[in-house]
Trainee: 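The structure follows.
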Amino acid sequence: MDEKYFPEQIETKWQQRWNEAGVFQAKDDQREKFYCLEMLPYPSGFLHMGHVRNYAIGDALAWFKRLQGFNVLHPIGWDSFGQPAEQAAIKRGVNPREWTENNIVHMRGQLQRLGISYDWTREIAAHRPDYYKWDQWFFLKMLERGLAYKKVSQVNWCPKENTVLSNEQSSGGICWRCSTPVEKRDLEQWFLRITEYAEQLVADMKQIENGWPEKVLKRQSDWVGRSEGAFLDFAVKDSGDSDRKIRVFTTRIDTIYGATAIVLSAEHPLLPELLKDSALKTDVEAFAQKVKNEKAIRTDLAADEEKEGLNTGVLAINPFSGETLPVWVANYVLIEYGTGAVMSVPAHDERDFEFAQKYSLPIRQVIAPVTHDQVRAEPVATIAGDSSAEMKHSFTDYGVLINSGEWGGKPSDVAIAEMTAYAREKGFGEGAVTYRIRDWGVSRQRFWGAPVPVIYCDKCGMVPVPYDQLPVVLPQTADFTGTGESPLAGVPEFVNTTCPNCDGPARRETDTMDTFVDSSWYFFRYLDPRNENAAFDKSMAQYWTPVDQYIGGDSHAVMHLIYTRFWNKFMRDIGMVSFDEPVKRLLTQGMVTNRVEGTDEWKAMSKSLGNGIDPDEMIKAFGADATRMFVLFAAPVENELRWSDTGIEGSVRFLRRVYTLVWRWHERLTYRDAAPDAAEFSDGARALRRKTHQTIAKLTSDIDHLHLNTSVAALMELFNQLMEFNADPATASSADVFAVREALEALVVMLTPFAPHVAEEMWESLGHSGGLLAESPRWPKADPELARREELEIPVQVNGKLRSRVIASPEVSEEDLKASALADEKIRVLIDGHEVVKVIVVPRRLVNIVIKSA
RNA sequence: GCGAAAGUGGCGGAAUUGGCAGACGCGCCAGACUUAGGAUCUGGUACCGCAAGGUGUGGGGGUUCGAGUCCCCCCUUUCGCACCA
């Protein structure tokens, strides 16, 4: 140990030692396991502060569990397929593979300089064939089970350049390069049937609701969009023969007597047939086309535009009331949801209300508000009773049915159940659940991804690549024109192949997979990263998974985190894992922001805003330990973290002061006397020991709950108390030395999750040269007896205001506490001459004396 | 527009879940040591007031012996959704 704290020296020294000893390698042993996982990074080339925060949080937990004796798995890898590599190829002519590999080398170095305790022997990278082979394997398994399929779907198409555009490239409905209006074009694309699992994705949330942030589950549940209601068939009234029906979906069957129209989406498949005999055929078709065109243009525009519609002249019959209703086409009915047709109930739906007002459709109230109490009576006043034309708003709450034939007088919930059953009985409807989630489109017309393992043969049609021919390896390079068509299509050696079925000439699929496929199951590969015969061994999964703690940004709240749940359920169904949910606890950490120069705005660090902070520079200037500790101390993990240069200096200052204190004591502490008798401890020493054990108790619980900022604060408090104790190593009694050793050792061990390098250094110099902190369970145990306060300062209030304090022992009886409060001099002055109405005594907490004011 | 969450010193944030508001750190002020200090150390630091004392957790009301914490209304900010029938 040097006299002065030189972070750089200490950090390289311990990084080397850890590496040589292989202490972070997870072993397959019998201990209780802890799987600590951080979202794997995209190898963009540079670590940013968001990464540092993510990994510092995970590492604190990993260290904590390791020091507690758990068998900890803490791995890292690279989400290395994806656009930026291909962009670099297009712009600068670099090979995506080289670009990616170089970035990995650089970022790995950065992570190592940060000293994150990863098991590097398990490192994986999505772009390597030994990894994406298993993407392809899973794809084929899904294909076998009918969960992967091909269907025509719309893509953005620039008619001038003849290319496919991504949503981003066609923002605003025009081509990003030539400003030509974008068309929607139909293209065959691969999909994974996530909708098959929609119900489970919602239902299984119960299993994780205690470990996942509520807001993430909320977003996922919105994303799945489960909605209970009913399908209802409205018979089309036409000249005679046919028994055509229009099926609608509704969640409010109880409002059906208020339906005054049926409204179809412009893309409704039945529309052409319905219009066959209509006099308005041409007009309606023109209108429908116009709506379709408008929809094609608005890709990401807000959808609160004017509602427009047109009466088709067709009539339909309300199956409950027998009433005849006009059938309209309108722009506000979505083909993607439900059945693409709705019954329009203006009185009880905002959109229908707006539409009805514009086109003077009748508005008929059929639900009356329930008046629970007087205060809630208000809605009645705003809605007319029988003359519904007076309604100024739609009334969308549940209530009691009126004007609804035999159902009148029934509450909504009862009516919904009964009417649904009735519809089913009579054969014109049934209860139904719809979901908003749609199947996962995984086709990408890109080079830098896992090729979809499928072959097309003129004779045999679509043929899956046989399992023993996996992986389908990406060619070394391709022609990166940036046209939006799959670059693989331009590589004949790749495309041309033979049919596995008939040996005839055949072509390979040239689409690659969405990178979210790679990240859906990667953390299972860490368990068994070199396995050549399976994605992972089942027994490994049995031991290590589910993940105990997953940490990452909340930008992945829906996409990645819902795909990975889906993937797990699929793996369960094919017998690879035995549980429903892959992640027990999830933390979505807050963003790291910095002031944008010249403004008052705090925004996520980025190159383009020029407000980035380079982790390497911080490590150089302050050390990895201080950088990590600051990031953990500055804010609660889930909050936004505003960068502060002076804040990080505070962290170095703290580490340096601890270091200096250890330096002062280390020679005295390396030899141990026998433990002194309890009676030998001075008041100060007992207070120090109390603080030590209180701090141990606090950290043991705080770190587990990832309250890392308060953990660091508690360590600072313990340190402050050590300074206050102010013993001199040269003259201290052996009891004092004992107390200091206990406090200092606890402080050093508990500092490890936040500043592991300097902690190891100090641990060694305190006489533990035999073994690394990293190697054995050294987390201290709190002794509740020592942590207990010997005396309490009990606040005394008069009428709820703090007036005095009395000293009492923790065991004091309520009676005695009351008596000493009433006897207190300051209190006596205040209550003198007043009637004491009541005295509230909260044991160990406070006394409140209620008096009548004179 | 709809929905959710959150508002505590100059700043980041504590507060055992209804019981001493402001832990810890940053910043700031004063002092010490220094040729010097943007190093280090010591002390101070919610607001008003010389003080006694009073006020104080976005604003207003309420429940309670007692409210940052619970309830109602309002304001502001942030996030999510965007015609989901």
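Each chain gets a letter, A, B and so on, in the order its sequence line appears, and its residues count up from 1. When reading the values below, keep in mind they use all heavy atoms of this one structure, side chains included, and skip hydrogens, waters and symmetry mates.
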Trainee: At a heavy-atom distance below 4.0 Å, what parts of residues 691-710 of chain A sit against RNA chain B?
Mentor: N709(A), T710(A)
Trainee: Quick test: give all pairs of protein nitrogen or oxygen and nucleotides 52-55 of chain B nitrogen or oxygen below 3.5 Å, distance rounded to 0.1 Å.
Mentor:
unit_1  : atom_1 : unit_2  : atom_2 : d
rG54(B) : OP1    : R803(A) : NH1    : 3.4
rU55(B) : OP2    : K801(A) : NZ     : 3.2

Trainee: Any side-chain heavy-atom pair from S227(A) and R436(A) closer than 4.5 angstrom?
Mentor: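 Result no, sub-4.5 Å side-chain heavy-atom pair not found.
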Trainee: Considering only rA39(B), rA82(B), rA14(B), which nucleotide approaches the side chain of P636(A) most closely?
Mentor: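 Nearest to the side chain of P636(A) among the choices is rA14(B).
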Trainee: Where does rG9(B) fall, syn or anti, if syn means a chi angle no more than 90° from 0?
Mentor: syn
Trainee: Looking only at atom types and distance, does a side-chain atom of D254(A) sit under 3.5 Å from a main-chain N or O of G399(A), one as donor and one as acceptor?
Mentor: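 Not confirmed, D254(A) side chain does not pair with G399(A) backbone.
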Trainee: What are the atom names and distances for every N/O pair under 3.5 Å that joins the protein to nucleotides 62-67 of chain B?
Mentor:
unit_1  : atom_1 : unit_2  : atom_2 : d
rC65(B) : O2'    : N848(A) : ND2    : 3.3
rC65(B) : O2     : N848(A) : ND2    : 2.6

Trainee: E306(A) has an atom CD; how far is it from atom C1' of rA82(B), in whole Å?
Mentor: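 Answer to the nearest Å: 17 Å.
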Trainee: Taking only the side-chain heavy atoms of V342(A) (C-beta and beyond), determine which of rG19(B), rA85(B), rA23(B) contains the nearest atom.
Mentor: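 Among rG19(B), rA85(B), rA23(B), the one nearest the side chain of V342(A) is rA85(B).
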Trainee: If the C1' atom of rG10(B) is compared with that of rG3(B), how far apart are they to the nearest Å?
Mentor: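 Approximately 35 Å lies between the C1' atom of rG10(B) and that of rG3(B).
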Trainee: Base contacts versus sugar-phosphate-only contacts with protein, heavy atoms under 4.0 Å: please encode nucleotides 25-30 of chain B as B, S and - from 5' to 3'.
Mentor: SSS---
Trainee: Considering only the P atoms, how many Å lie between rG38(B) and rG31(B), rounded to the nearest integer?
Mentor: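 Nearest-Å result for rG38(B) against rG31(B) at atom P: 14 Å.
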Trainee: With distance as the sole criterion, do the side chain of R844(A) and the base of rU16(B) form a donor-acceptor contact below 3.5 Å?
Mentor: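 In this structure, the two groups form no donor-acceptor pair.
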Trainee: With a 4.0 Å cut-off, would you call R219(A) and D554(A) a salt bridge?
Mentor: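 No, no charged N to carboxylate O under 4.0 Å.
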Trainee: Hey, does the side-chain of K307(A) have a donor or acceptor N/O within less than 3.5 Å of a partner on the base of rC83(B)?
Mentor: yes
Trainee: I want to verify a distance call: between rG19(B), rG3(B), rC83(B), whose nearest atom is closest to the Y332(A) side chain?
Mentor: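 It is rC83(B).
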Trainee: Looking at the side chain of A713(A), which of rG3(B), rG19(B), rA23(B) is the nearest nucleotide?
Mentor: rA23(B)
Trainee: Using side-chain heavy atoms (C-beta onward) and a distance below 4.5 Å, is F287(A) in contact with E308(A)?
Mentor: yes
Trainee: Check for a donor-acceptor pair, side chain of K358(A) on one end and backbone N or O of K307(A) on the other, with a separation under 3.5 Å.
Mentor: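 Indeed, once roles are kept as given, a pair shorter than 3.5 Å links the two residues.
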Trainee: Show which side-chain atoms of residues 706-716 of chain A pair as donor or acceptor with protein atoms under 3.5 Å away, not counting sequence neighbours.
Mentor:
unit_1  : atom_1 : unit_2  : atom_2 : d
T710(A) : OG1    : D702(A) : OD2    : 2.8
T710(A) : OG1    : H707(A) : O      : 3.1
S711(A) : OG     : H707(A) : O      : 2.9

Trainee: Within the structure, does a side-chain N or O atom of R436(A) lie under 4.0 Å from either OP1 or OP2 of rA82(B)?
Mentor: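 Answer yes for this pair, as a side-chain N or O of R436(A) is under 4.0 Å from OP1 or OP2.
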Trainee: Would you call rU17(B) syn or anti, using the 90° rule around 0?
Mentor: syn
Trainee: Can you list the stems that RNA chain B is part of, where a stem is at least 3 pairs in a row, each Watson-Crick or G-U, with both distances below 3.5 Å?
Mentor: B:1-7 with B:75-81, B:10-12 with B:24-26, B:27-32 with B:40-45, B:46-48 with B:53-55, B:58-62 with B:70-74
